[in-house]
Structure formats: C-alpha cells, structure tokens
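All figures in this text were calculated on a predicted structure; none of them were measured in a lab.
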Amino acid sequence: YDPVAYFTQSKPVQGKGDITSVYKGASFQFSSADNKATFDANPEGFAPQYGGYCAYAVSKGGIATTDPAAWTVADGKLYLNYSKVVRGIWKQDIPGNVRKANANWPAVLA
C-alpha cells in the first residue's frame, strides 16, 4: 500500500508494482509518481513506524503482521496495527503505547 496516501487521502490506497522505492531495506509501492517523489523527498516522514509491524504488538514486546485498513496517523507518524480491533486498543493510549513501542524497537526483531 502507498504510505503517502494515508496522509494525503486519509485511507489505504493500493500501490503499483512499477512505482516503488526502497527505504531501510523495505520496498514501498505508490499509487502515483507524485506520491513516490513525495516519499523519496522525506521517507522518514512517511514510512510506517516499527518497520510496518503492528505498533501495539511492538509496544507489548513482540511483532505481528498488519492490516492496511487498521492504521492511525498520530503526531505526523503512520502506525499500522494487526486488526481494527487491535487498533481500537492501541488508540486508548497512543502516547503511552508509542513510548513503550519506542523502548522496545528494534530489539523486538532479535
């Protein structure tokens, strides 16, 4: 999915396999060349936090896959979650969960 679209269109938008960028070893797809250029100018500002793993899982010391529809932009950062139910739990204390996740990241990958 196009990470820039979460910010500009406020929804998940399928990226195209022929419009891609690589950032920190991860490949990102974009729905348009303009979104790719926006990302390339500031990848740190648009890439999902915690390598795209579930932000709530990272806050609990683990990792989990994510659902593109279970997303939140908070304080200018994109967070993905395992499901919309988990996103609801995550949103109950975003600042606290971010502090915990930041403390656990990237050690949870070991």
List, one per line, each side-chain donor-acceptor pair under 3.5 Å for residues 51-63, sequence neighbours excluded.
unit_1 : atom_1 : unit_2 : atom_2 : d
S59    : OG     : Y56    : O      : 2.6

> When rounded to the nearest 0.5 angstrom, what distance separates CG in N35 from CZ in F28?
Replying inline: 13.5 Å
>> Please evaluate residues W90 and V98 with respect to the criterion side-chain contact (heavy atoms from CB on, under 4.5 Å), reporting the C-alpha separation (whole Å), side-chain torsions for both, the decisive distance (0.1 Å), and the verdict.
In response: CA-CA 9 Å; W90 163 260; V98 167; 3.7 Å; yes
> Can you tell me how far the OG1 atom of T72 sits from the CD1 atom of I94, to the nearest 0.5 Å?
Replying inline: 5.0 Å
> Do D2 side-chain atoms and S31 backbone N/O form a donor-acceptor pair below 3.5 Å?
Replying inline: yes
>> Just checking N42: does its CG atom have more than 12 heavy atoms from other residues, nucleotides or ligands closer to it than 6.0 angstrom?
In response: yes
> Between S83 and D67, is any side-chain donor less than 3.5 angstrom from a side-chain acceptor?
Replying inline: no
> Which atom names give the shortest non-hydrogen contact between A47 and F39, and what distance separates them?
Replying inline: N-CE1, 3.8 Å
>> Is the ring pair W105/Y50 parallel, tilted or perpendicular, if the boundaries are 30 and 60 degrees?
In response: perpendicular
> V13 versus K11: any side-chain heavy-atom pair under 4.5 Å?
Replying inline: yes
>> Is there a path of hydrophobic side-chain contacts, each under 4.5 Å between heavy atoms, that joins V73 and V86?
In response: no
> If you look at every heavy atom in G76 and F7, which pair is closest and at what distance?
Replying inline: O-CE2, 3.6 Å
> Under 4.5 Å between any side-chain heavy atoms of L80 and Y6, yes or no?
Replying inline: yes
>> What verdict does the side-chain contact (heavy atoms from CB on, under 4.5 Å) test give for F30 and V4, after you've listed the backbone C-alpha separation in whole Å, the side-chain angles of each residue and the deciding distance to 0.1 Å?
In response: CA-CA 8 Å; F30 304 91; V4 175; 4.2 Å; yes
> How many angstroms lie between atom CG of D93 and atom NZ of K100, to the nearest 0.5 angstrom?
Replying inline: 6.5 Å
> Just how far is it from atom CD of Q49 to atom CG of D75, taken to the nearest 0.5 Å?
Replying inline: 10.5 Å
> If we only count heavy atoms from C-beta on, is the L78 to W71 side-chain gap below 4.5 Å?
Replying inline: yes
>> side-chain contact (heavy atoms from CB on, under 4.5 Å), that's the test. Do I19 and Q29 meet it? Break it down for me.
In response: CA-CA 6 Å; I19 307 175; Q29 294 184 356; over 6 Å; no
>> Tell me every residue that passes side chain to side chain donor-acceptor pair (under 3.5 Å) with E44, counting only those two or more places apart in sequence or in another chain.
In response: Y23
>> Do Y79 and P48 make a side-chain contact, defined as non-hydrogen atoms from C-beta onward lying under 4.5 Å apart?
In response: no
> Q14: what forms a side chain to side chain donor-acceptor pair (under 3.5 Å) with it, not counting sequence neighbours?
Replying inline: Y1
